[in-house]
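Working notes, beginning with the structure itself.
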2 protein chains.
Amino acid sequence: MSLTTVICVLWAVSVGQTAGSQHGTNIIIMLMDDMGWGDLGVFGEPSKETPNLDLMAAQGMLFPNFYTANPLCSPSRAALLTGRLPVRNGFYTTNAHARNAYTPQEIVGGISPDEILLPELLKKKDYVSKIIGKWHLGHRTQYLPLKHGFDEWFGSPNCHFGPYNNSVCPNIPVYNNSEMKGRYYEEFEINVKTGESNLTQIYLKASLDFISQQAVAQRPFFLYWAPDATHAPVYASKRFLGKSQRGRYGDAMMELDDSIGQILAHLVSLGIHNKTLVFFTSDNGAAVMSGPLQSGSNGPFLCGKETTFEGGMREPAIAWWPGRIPAGTVSYQLGSVMDLFTTSLSVAGVLPPDDRVIDGLDLSPVLFNNSLLDRPIFYYRGNQLMAVRIGQYKAHYWTWSNSWEEFNKGINFCPGQEVPGVTTHTQEEHTMQPLIFHLGQDPGERYPISVESKEYRDVLRRVTAVVEQHQKDLIPGMPQLNMCDLAVMNWSPPGCEQLGKCLKAPESNPWKCDWPH
Amino acid sequence: MSLTTVICVLWAVSVGQTAGSQHGTNIIIMLMDDMGWGDLGVFGEPSKETPNLDLMAAQGMLFPNFYTANPLCSPSRAALLTGRLPVRNGFYTTNAHARNAYTPQEIVGGISPDEILLPELLKKKDYVSKIIGKWHLGHRTQYLPLKHGFDEWFGSPNCHFGPYNNSVCPNIPVYNNSEMKGRYYEEFEINVKTGESNLTQIYLKASLDFISQQAVAQRPFFLYWAPDATHAPVYASKRFLGKSQRGRYGDAMMELDDSIGQILAHLVSLGIHNKTLVFFTSDNGAAVMSGPLQSGSNGPFLCGKETTFEGGMREPAIAWWPGRIPAGTVSYQLGSVMDLFTTSLSVAGVLPPDDRVIDGLDLSPVLFNNSLLDRPIFYYRGNQLMAVRIGQYKAHYWTWSNSWEEFNKGINFCPGQEVPGVTTHTQEEHTMQPLIFHLGQDPGERYPISVESKEYRDVLRRVTAVVEQHQKDLIPGMPQLNMCDLAVMNWSPPGCEQLGKCLKAPESNPWKCDWPH
């Protein structure tokens, strides 16, 4: 009796220990949307409904200490693809202190032309790159994926919010490469009432087709698979609706888990699993403010999306590369979505740019030898450094859940959780005496270490040095997320003419975007 | 590459699918003390430091929906060994409304002579039964394990609180069978300052020896292994102290995990693993009021020990029987510690008593065929039914965290958690309109279902029928935990003379025990 006899009925992996050549390795980054650390069975979701992800972990390397670079989607995604903190790559706002900003339809900005994205660099080794799903680095033409290194795209530039009436607000377009093929709630249906949509199936099929094509062409590929079914309004296809013990959010989870199983099985059936690095993670913590039917779980961690507590920024993460990454391992490495940039380059045999600071680490020694690399994790809101983690310790320089004004309207980023002096509805500065937690002993950030203790003084000394070093070298990028304008919305995306779906834009009337939290 | 090649280096299991004869099957119940659901890697503890328990789950059946019968140690243990709710077997108090009671040294009562314990029944099939570790069903002579069916005992009757000065309060004795062999903090050291103690190693060795002896004698055995290292003051032996990422509590966890690995490995090496049912669980939720160094984790659940929220009563649980229980399975069965009584009898081929209500189910169909049995879970404090779970729904008839008086003293059973109207510091009655949660969608009990909804009305109708049926048949046992007396403390346990360790008891002066929560 072995584990494999029972579990591997889903998709069997059978390879020798021969490591594939690193160069030419295919790279798949699976980036989930608003999925929380606690949403995976392997991370303790009580319904245990993610057999494929759990098996992926059992066949690969699990990262319990993996982080996003920002507790919100757009900056997180910009950081992943540039290997740089949002405060460097410009995906932040300076309109108010310590605010999270993203790319709604009315945003004027997007990814700076000065930034170099992962697929641009992979071209040096003849990679073909495709993004499937949500882009979120700007929806105006100059910001779209095919202008920034991707060869192919199927998906949408913004969140699938809606439905809109196309008069004061257009529905979000769905693109195939550089032309729109329709809009959400029109050609690409999402039934907000029932939660039914085929989008995950469409994104699954697009990924399987792309992988097949590159396998036939024997060309190395980079697939950035970014489905958004777990972002409110959450959706699932008919086969999954109502199937989860967890309600609609769980249905979406089950469908994504099933899709991930199918993608890995496809790699195995094509015989390319031992030359493909697959990395699974999420863009930020679960959006616990959306209530039980529309949000996931951050497990034992404090608060969620939008906050710099662990629930906002610690992510589920699994690396899978049969024959190369040792199976069934746990890495305690402090990892970051930015490392996926550097690690992908390393695996592809491409040097990272040397004309700028890259925050991402090359995790190859971690993946292949379970080494541990010393590095801090920085938690930002806007251009404000809110907190830093070194080793097991996290020091909060600023704390803020959200404003009283929002909280009193029912917007709660920490439902059911309240830690006096830690979860606050006013911005609290602790720069002279940071709140320090030991995350191993206290993953829920409930018990600040006494400022009177030697432990506190030792940690403070070490973390102060790290922060001083960080801030000394920091040259903030030009903030890209300050200006909004109704005229820039998705009125007439490229391709709208052929479809007869162009809409009339209002006159330009830009304003400084309001970022309430 | 298979999971086994990597993980099973610890202890390999290799058996055919031939089921051992059920009768004569050895039974090991591993009952942890104050260990929380979220303390296992397989249930999402972020440090992932329980490789042996995680492997036990991968080779056995994991129960995410397993419950104790009371959020406190003594009643939970009495329920396990009698298969009956504490309100039936007498392990409760009526001194005040809805109070948790246990067996401190000053308790007069203990397990009623009218109750029939599991080892008494197993004698019918010539089992030899041993308890190793904490008893907690009464420390006066007539209540001790060898008076209630156990053939052997190594351990103590009460919690290892202390050290005491032996004048106003005696240190707790440690027994070998029916005579004391010393006292905690004297012959059996626990260094409260450093957390060092060899007790888990002693309990491990005792279990390995007992198993070896029965294997040689070819006699079926029942081992009730109840170490208490994770109960405050938590302790670990030198080899484990300081080794965990989680601090002292984590050190104790690591040592228990290691011990469990050794016990399972011992069964394998003796070749009796395929005729031994091993069941792992805990007596109540993590004691989160004890702070980060002295308490475990209840994962995503609300509150902890002493409460009838999920954090107080949902337990980690794993069943292991290679060749008989399918490996790598998850059972969604609502299970209870009381089921261990009935299931053990079933496996041993003994009929349960037919002269009394038995609350425990025979889980054999669950273990061997992954069937699901319909049954409610009752959550009690004292003789007050606080809540009921049917399927995914939980209805709270009464809620109470603890009193304002205690809370204001710093005793917090829900640190960092607060759900308005749910976690309350006054006893709140909801009998006319219970708070109902869907635990699949809302495991953290944060979002009561609207009383206006059809869902609420449907659930209320179903749960009302279950409660009415339950209360109609309920004949409460005589409460055993009402009276206290300093004279009954462990002054002069049997065997104290030989050791010269008898102490003088004060005169009897009984009072109604004060149970503050």
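Residue numbers begin at 1 in each chain, while the letters A, B, ... track the order of the sequences. Side chains included, hydrogens not; waters and symmetry mates left out as well; all remaining heavy atoms used.
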Judged by atom type as modelled, is there a donor-acceptor pair below 3.5 Å linking the side chain of [X] to the main-chain atoms of [Y]?
{"X": "D257(A)", "Y": "N52(A)", "result": "yes"}
{"X": "S282(B)", "Y": "M35(B)", "result": "yes"}
{"X": "E45(A)", "Y": "S297(A)", "result": "no"}

*Check the pair E49(B) / K243(B) against salt bridge (Lys or Arg N to Asp or Glu O under 4.0 Å), numbers first and verdict last.*
CA-CA 10 Å; E49(B) 290 177 334; K243(B) 292 300 190 312; over 6 Å; no
*So H425(A) and W404(A), would you call those rings parallel, tilted or perpendicular, with 30° and 60° as cut-offs?*
tilted
_Whether W37(A) and F301(A) hold their rings parallel, tilted or perpendicular, with breakpoints at 30° and 60°_ = perpendicular
*chain B heavy atoms under 4.5 Å from L40(A): which part of the residue, side chain, backbone, both or neither?*
neither
*R314(A), part contacting chain B, at a heavy-atom distance under 4.5 Å*: side chain
*Taking only heavy atoms into account, what residues of residues 411-419 of chain B are found under 4.5 Å from chain A?*
P415(B), G416(B), Q417(B), E418(B), V419(B)
Between [options], which shows the greatest number of heavy-atom pairs under 4.5 Å with chain B?
{"options": "P292(A), P420(A), G247(A)", "answer": "P292(A)"}
{"options": "G44(A), P64(A), G250(A)", "answer": "G44(A)"}
{"options": "E445(A), R246(A), Q245(A)", "answer": "Q245(A)"}
{"options": "G299(A), S244(A), G440(A)", "answer": "G440(A)"}

*asked:* Using the side chain to side chain contact (heavy atoms under 4.5 Å, CB included) definition, which of the options L277(A), L55(A), L267(A), I325(A) pairs with W320(A)?
replied: L267(A)
*Pick one of side chain, backbone, both or neither for V42(B), based on which atoms fall under 4.5 Å of a heavy atom in chain A.*
both
*asked:* So for P443(B), is it side chain, backbone, both, or neither that comes closer than 4.5 Å to the heavy atoms of chain A?
replied: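 The side chain, not the backbone.
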*Output all residues satisfying ring-ring contact (aromatic ring centres under 6.0 Å, His included) with F309(A), sequence neighbours left out; order by chain, then residue number.*
H396(A)
*With distance as the sole criterion, is a donor-acceptor pair present between the side chains of Y67(B) and E310(B) under 3.5 Å?*
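Y67(B) vs E310(B): donor-acceptor pair found between side chains.
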*Under 3.5 Å, is there a donor-acceptor pair between the Y393(B) and E455(B) side chains?*
yes
